[in-house]
Amino acid sequence: MSGPLRTDPRIWRQAASVVLAAGWKGPGAAASSLPPAEGFRVLLLQRSSSQAFLPGAHVFPGGVLDRADLSADWLPIFAPHHKPPRFGLGPAPAQTATFPVVPISRPGAADGEAAALPDDVALRICAIREAFEEAGVLLLLPRGARHVPESQGSAPEFACALEPPPDVSAWRTRVRGDARHFLDLCAHLDCTPNIWALHAWSGWLTPFIGEKLRRFDTSFFLCCLSEPPPIQIDLAEVVNCRWSSPSEATESFLSKEIWLAHPQFYEIRRLENFASLSDLHKFCLEHALEGSERWLPINCVTADGMMIQLYPGDELYLEDSDFLEKVLSTEKKTEEIMKEGQKFHRLVHHHSHYYSIHVTVQSKGKHIYPKNYVVNKSHL
Ligand SMILES: Nc1ncnc2c1ncn2[C@@H]1O[C@H](COP(=O)(O)O)[C@@H](OP(=O)(O)O)[C@H]1O
Ligand SMILES: CCC(=O)SCCNC(=O)CCNC(=O)[C@H](O)C(C)(C)COP(=O)(O)O
Ligand SMILES: [Mg+2]
């Protein structure tokens, strides 16, 4: 049985995050102790300890969709580059996963109101605005600049962040106060949000943790930048930042230097599959027309007090809405469950700084899953 979640629609928020992956030639690029898949770093921002959701966690830039991200006022800003309905993003990706249906209404939209921008455009604008608010990164394209990723006969080009204008701090304060000012900033700079540099990557729904707790339907995008732009954290919502390779981020998590929530850990492990920024970029361009899957993880608490997080494709994952608003529990211990299973797509939460990932199934689409990740018992 599958169907809509019965949860209160006010619990859910639409959100967008962007994984900024940048070419890395700085210190450590040639460090011999690191595996070869280290030609790029991703930006991680540390959330303030006073945040209500995931306090202190390291996350990718992102946040909640604002009604300003959906405004028809964006049409003239996009006009020099592309027009509705698809704004140059190519055909709308087919809806691959219909489960689960989550009752989310667009911010500020009246029922039945036609949207000026498609969701995948508005969510990209949201992710770009959040990257500016939280990290000071301007993923904008000046009028006249080319956004087509491939130049004939040469390798696809990576994106570049715009150099911030001298009055950037004042603009940032304004945008953080009211998201509509992001549109004013783009008009002032005669630039357009570079939605074409953001590739659909994945989608994560917050699993059920408790009644009345807020939940997010977050679209993750990936953006390949030729080099890391300067970062100016806002020192409010975000208190620290770092550029880490996937293996560095994993090591920092294991050594308790940073804390990662499950989706970020999964995505970092997934990125470990790519040997270079070029490989990652090529994969994004090839994968573009497929869109991304959106997963609702199901948490299952085991008899030894650990938690197994199940993803679609795992033999214990149930597309049954009855199971989606409660945490599953079992009388069995983690080891027992792991011994008796075969089709795995799951993360085992051993403790707050040790998660293992078990994948024995193939991705249904063309996306790539992380490799198995199990740390030596001496780490525990
Ligand atoms: N100085 C600060 N310290 C901690 N959290 C802050 C903050 N300024 C803003 N925030 C919180 O950051 C969140 C906004 O995130 P985003 O813009 O990325 O969606 C809001 O959380 P709430 O939604 O819990 O109010 C907001 O309250
Ligand atoms: C251990 C508890 C968990 O892991 S709950 C899962 C948390 N992740 C999500 O809910 C989906 C992924 N989305 C994000 O991580 C986003 O960064 C965001 C939704 C936390 C952004 O929120 P913001 O407070 O910045 O609006
Ligand atoms: Mg945020």
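Since we're looking at a predicted model, the values are computed, not measured. Read the numbers this way: they start at 1 and go in the same order the structure lists the ligands and their atoms.
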Asker: For Tyr266 together with Trp204, are the ring centres under 6.0 Å from each other?
Answerer: yes

Asker: Please confirm whether His349 comes under 4.0 Å of ligand 2, counting heavy atoms of the residue only.
Answerer: no

Asker: Between Ala236 and ligand 1, which part of the residue brings a heavy atom under 4.0 Å of the ligand: side chain, backbone, both or neither?
Answerer: both

Asker: Counting C-beta onward and ignoring hydrogens, is there a side-chain heavy-atom pair between Trp259 and Leu54 closer than 4.5 Å?
Answerer: yes

Asker: What atom name does the N, O or S atom of Glu134 nearest to the Mg ion (ligand 3) carry?
Answerer: OE2

Asker: Counting backbone and side-chain atoms alike, does Glu237 have an N/O/S atom under 2.8 Å from the Mg ion (ligand 3)?
Answerer: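 It does: Glu237 brings an N, O or S atom closer than 2.8 Å to the Mg ion (ligand 3).
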
Asker: Might you confirm whether atom CD of Glu163 has over 12 heavy atoms from other residues, nucleotides or ligands at distances under 6.0 Å?
Answerer: no

Asker: So, 4.0 Å and heavy atoms of Glu130: is ligand 2 close enough to count as a contact?
Answerer: no

Asker: With heavy-atom distances below 4.0 Å as the criterion, list the atoms of ligand 2 near Phe220.
Answerer: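 Listed by number with element: 12 (C).
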
Asker: Distance under 4.0 Å to a non-hydrogen atom of Thr218: what atoms of ligand 2 satisfy this?
Answerer: 11 (C), 12 (C), 13 (N), 19 (C)

Asker: Once rounded to the nearest 0.5 Å, what's the spacing between atom NE2 of His350 and atom OH of Tyr355?
Answerer: 11.0 Å

Asker: What atoms of ligand 1 come within less than 4.0 Å of a heavy atom belonging to Gly63?
Answerer: 16 (P), 18 (O), 19 (O)

Asker: Heavy-atom contacts with Glu130 under 4.0 Å: which atoms of ligand 1 show up? List them by number with element.
Answerer: 16 (P), 17 (O), 18 (O), 19 (O)

Asker: Check whether the side chains of Gln309 and Tyr311 place a donor and an acceptor atom closer than 3.5 Å, and report yes or no.
Answerer: yes

Asker: May I ask you to list the atoms of ligand 1 that are less than 4.0 angstrom from any heavy atom of Arg214?
Answerer: 22 (P), 23 (O), 24 (O)

Asker: With a cut-off of 4.0 Å, which atoms of ligand 2 are near a heavy atom of Val64?
Answerer: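 Those of ligand 2 that fall under 4.0 Å from Val64 are 26 (O).
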
Asker: Taking only heavy atoms of Thr206, which atoms of ligand 2 are found under 4.0 Å from at least one of them?
Answerer: 9 (C), 10 (O)

Asker: Mind checking whether Met307 and Val327 sit in one hydrophobic cluster, side chains of I, L, V, M, F, W, Y counted as touching below 4.5 Å?
Answerer: yes

Asker: Is it the case that atom CZ in Arg180 sees more than 12 heavy atoms from other parts of the structure closer than 6.0 Å?
Answerer: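 Open.
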
Asker: Quick test of your reading of the model: are Asp304 and Lys333 salt-bridged, counting only N-O distances below 4.0 Å?
Answerer: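 Lys333 and Asp304: not salt-bridged.
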
Asker: What I want to find out is whether Glu336 reaches Lys339 closely enough, with some N-O distance under 4.0 Å, to be called a salt bridge.
Answerer: no

Asker: List every atom of ligand 2 that sits less than 4.0 Å from any heavy atom of Gly62, numbering the atoms from 1 in the order shown and giving each element.
Answerer: 25 (O)

Asker: Quick one: which ligand 1 atoms are inside 4.0 Å of a heavy atom on Val64?
Answerer: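 Near Val64, the atoms of ligand 1 are 19 (O).
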
Asker: Can you name the atoms of ligand 1, numbered from 1 with element, that are less than 4.0 Å from a heavy atom of Ser50?
Answerer: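 Close to Ser50: 3 (N), 4 (C).
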
Asker: Which atoms of ligand 1 are found less than 4.0 Å from any heavy atom of Glu134?
Answerer: 18 (O)

Asker: For the Mg ion (ligand 3), decide whether Gly62 has an N, O or S atom at a distance under 2.8 Å.
Answerer: yes

Asker: Looking only at protein heavy atoms, identify the closest one to atom 1 (C) of ligand 2 and say how far it is in Å.
Answerer: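 Result: His262 CE1, 3.7 Å.
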
Asker: Salt bridge check, Glu293 against Lys364: does any charged N sit closer than 4.0 Å to a carboxylate O?
Answerer: no

Asker: Could you list which atoms of ligand 2 come closer than 4.0 Å to a heavy atom of Gln264?
Answerer: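 Near Gln264, meaning under 4.0 Å from one of its heavy atoms, ligand 2 has 14 (C), 15 (O).
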
Asker: Quick one: does Ser252's side chain have a donor or acceptor within less than 3.5 Å of a partner on Glu257's backbone?
Answerer: no

Asker: Which protein heavy atom lies closest to atom 24 (O) of ligand 2, and at what distance to 0.1 Å?
Answerer: Arg47 NH2, 2.7 Å

Asker: Under 4.0 Å from atom 22 (P) of ligand 1, is there at least one protein heavy atom?
Answerer: yes

Asker: Taking the six-membered ring for Trp, are Phe53 and Phe216 closer than 6.0 Å centroid to centroid?
Answerer: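 Yes, the ring centres sit under 6.0 Å apart.
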
Asker: The test is side chain to side chain donor-acceptor pair (under 3.5 Å); show your working for His349 and His262 and say whether it passes.
Answerer: CA-CA 9 Å; His349 179 122; His262 308 126; 2.9 Å; yes

Asker: With distance as the sole criterion, is a donor-acceptor pair present between the side chains of Glu272 and Thr250 under 3.5 Å?
Answerer: no

Asker: In terms of side-chain heavy atoms, does Thr334 have a donor or acceptor partner in Thr302 at a distance below 3.5 Å?
Answerer: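 Yes, side-chain donor-acceptor contact under 3.5 Å.
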
Asker: Specify whether the nearest protein heavy atom to atom 19 (C) of ligand 2 is under 4.0 angstrom away.
Answerer: yes

Asker: Please list the nearest protein heavy atom to atom 17 (O) of ligand 2 with its residue and the distance rounded to 0.1 Å.
Answerer: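 Closest protein heavy atom to atom 17 (O) of ligand 2: Ser17 OG, 3.6 Å.
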
Asker: Run the numbers for me: atoms of ligand 2, each under 4.0 Å from some heavy atom of Glu237, listed by number.
Answerer: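 Those atoms are 25 (O).
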
Asker: Can you tell me which residue and heavy atom of the protein come closest to atom 4 (O) of ligand 2, and the distance to 0.1 Å?
Answerer: Ala261 CB, 3.4 Å

Asker: Using a 4.0 Å cutoff against the non-hydrogen atoms of Pro263, which atoms of ligand 2 qualify?
Answerer: 4 (O), 8 (N)

Asker: Give me the nearest non-hydrogen protein atom to atom 5 (S) of ligand 2 as residue plus atom name, then the distance to 0.1 Å.
Answerer: Ile209 CD1, 3.9 Å

Asker: Compare every heavy atom of Pro297 with every heavy atom of Leu205, then report the nearest pair and how far apart it is.
Answerer: O-CD, 3.1 Å

